[in-house]
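Computed from a predicted model, the values in this text were never measured in an experiment. In what follows, chains carry the letters A, B, and so on, assigned in the order in which the sequence lines appear, proteins first and then strands, with residues in each chain numbered from 1.
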Amino acid sequence: MNKLKQVLVANTSPEIAFAQADNEVLAINRPRRFVQNHLTETISVAVCMGLVFGGLLTWNMWRIYTSSRSTIAKQLELEKLSGKIVHLDEVLTMSARMSASTGDLSWEKRYNQYVPELDKAIKTTLAKVPESIRMEAAKTDASNTKLVEMENKVFALVQKGKPSEAAKILSGSEYAAQKAIYAQGNSRVLKQIDRFIQQQLADYQNQFRVLMVTAAIILPVVLAVWMLILLAVRDYIRDRIMAQAKLESSRTELLALTEDLKQEATLRDKTEQLIRSEGDQLQADIEKLLDAVSAVEEGDLTVQAPVSDRVTGLVSDTLNRLIEELAAVMTQVSSAAQNVSSNTQTLEAITGTVANNANQQAESVSEALTLSGEVEKSATATVQELQNSNQILLSLTQTVKEGQSAINTLTQGTTILQQGTDRIIQQMKTLGEFVGLAEQFVQDQNQIAAQTQILALNASLVAARAAEQKDPRKFAAAAQEFEAISSQVGQLAQQTNEGLDRLEQRTIQIQNVVASVDAEVQELGSLVSGFTQGVEESTQAFSSVQTVTTNVVRTGEQVKQSSQDIIDRAQATASAMKAIVELARKTADLTLNARQQSESMGQLSDQLLQRVAFFQLPAILPSSSAEKTSVLTENT
Amino acid sequence: MSNVVADQRFILTLIDKVTLLFPAQLVVETLMIERSQILSLPFYNPAILGCIHTGGKVIPLLSPAPFLGLPTRLMGEVLTVIHLGESADYLAGVGVIVERMTGSRMGLPSLQSQGVDTSTENTIKLFDLELIGRDVFQPQRWQFTESSA
């Protein structure tokens, strides 16, 4: 599931995610399934692998550990021994030199004391090194022997009391050469030893590295295998637990079912026995019932079936009650039939009376017919009235025509009047224009007058200035101004004359217009008088129309009233006729039905009596028969 | 105002309800001009309506209504102008616009100066140069500068 979630988170398309998840889950589940199916073998293999790899790893590591520890110890010891060798060599050399230089024999004791230690150290060292180094050390051993011989010779000389010769030997070239050879050999040996140890340590390191790499590769594989095993074991345990739980639940269910089945079986046995006994009893009761029913079939209603507390007893009781009821019904039927026959007789009498009633209705119908005749007469009178009113309307129409002609003449007069007024209006407009022109002329004249006034004032001013002027040139200038003013005055006067001429023309035109307007107005006056006369005639015609229409309306009202009366009477007659007809029909139907019913009742009663005679009835008590008859009548 | 000499001539003009009397010696001529002839002069006192070119001369036009305390009215199409002469001092050559001329007469026998003519209920005033201030022809901007200074 975690893998599925990871795949879902990593992918955008859910279908692809699920497909990929499915593939990965399948890829994960395949080895798990394989491990589940081969759990024992897988565990065995994993255990063996684990043991093998673990053992190899442990053994290698232990080997490397011990080897490296011994090598390191050996290295330390060799370093110690090499140091000791150098120290002892120096001690021996210095002992020999001191003995040679001092002649003291105690130095020889010291020398002899440390020689075995040196030998021991050298032997120990050679024992711990390989053959190649030992062979290298053997070269050094020869020079060491020579050195020892020379030093013994020195000690012998010192014992002999020849320290100077001893010193010569120690300081000689041969001793120094041998010393150098010995020193070189020792250093070579020490270097080889050191190299050998380092090489061994490097080998151990490589081995350890290889071991670690192998462990890093093998350990995850082992871990994976153990994880698979763990998951398989967990699944196995879980499946086992689930199977056990299911098994347990099914076992309990099974136990419960078996218990139920056992109980069911015992119950069935008991009911079977009961059913058998009851069946025998029922058979006997049924035989008895059949006897009673056959007796009833033969018409004996006095028989009684045996009653018991069983179902058949109930049936018998019911049968007995049924027989009783049947007997009661039959007695009632016989009494009812007797009553029916008596009732048919009475019905016949009733039909006779109904027939008499029908005769009476026919008489009523004839009376209604006479009434309708009277209505017809009234309608005829109404028609005459209508004819009279029609004549009156015709005369009215004539009158209306006369009025219409008068109105037409009036309309013509008004048209002429309207035309006259239009002409007058036009002429009045023309007059208004003339008046406007006159007004304009007056304004122009006013302006001219104002200009004239100004010119006059200017002239007076110029004159005043001229009177004051003594200089002839200025006087001439004033005179020129006068001239200009006078010319302006002349122009103004000319304008005034022209304006007056125009005014005169306009005035003549206005007079002409006014005369024509006067003539038009006189014509209109005559027209108006004729119009008035026509209006009066129209008024008279309309008043006569009004009286005629009033008469017509009155007549119409009377006709309407009479016709309404006729209608009401006719409706009443019709409704009465309808009711009579309806009654007659109903009566006829009733009589017919009654006759049919009486016939059928007679037949039924005969049949019933024949039928009832078949049954043998018990003796009827008077009180019980009366009660049953009353119950029967109430029910009907 | 002092009494005027009886033999002096005066030109009577009417501005709203004020009869303004012009001494004849101040007046050169009277003109009637059309409004379309006026060339307006901005940046001057609103009493100065502009100037016109007539008879070879340029005449500045002045309305005395603001100085008389009268409300300004719309100009008509034709205006009456009193052209003042050289004796008008700093108003020489100026045209004073009036509504109309009512006439001229000698002296002021029955009218009182700065009085009310009882017959017409018009105020009578004599035209005085002091009525129009000397700085009326100063441009407005210069006046503002001078007042702020």
Quick one, A:Asn512 and A:Ile508 - any side-chain contact, counting heavy atoms below 4.5 Å?
yes
Would you indicate whether the side-chain heavy atoms of A:Ser544 and A:Glu402 approach each other to under 4.5 Å?
no
Under 4.5 Å from any heavy atom of chain A, what part of B:Ile11 do you find: side chain, backbone, both or neither?
side chain
Is chain A contacted by the side chain of B:Val28, its backbone, both, or neither, given a heavy-atom distance below 4.5 Å?
both
In a check of side chain to side chain contact (heavy atoms under 4.5 Å, CB included) between A:Leu396 and each of A:Asn551, A:Thr547, A:Thr549, which one passes?
A:Thr549
Flag the one option from B:Arg100, B:Gln25, B:Met101 with the top tally of heavy-atom pairs under 4.5 Å to chain A.
B:Met101
Counting neighbours of CD on A:Gln546 that are heavy atoms of other residues, nucleotides or ligands and sit closer than 6.0 Å, is the number greater than 12?
no
Atom group of A:Ala456 that falls short of 4.5 Å from chain B, counting heavy atoms
neither
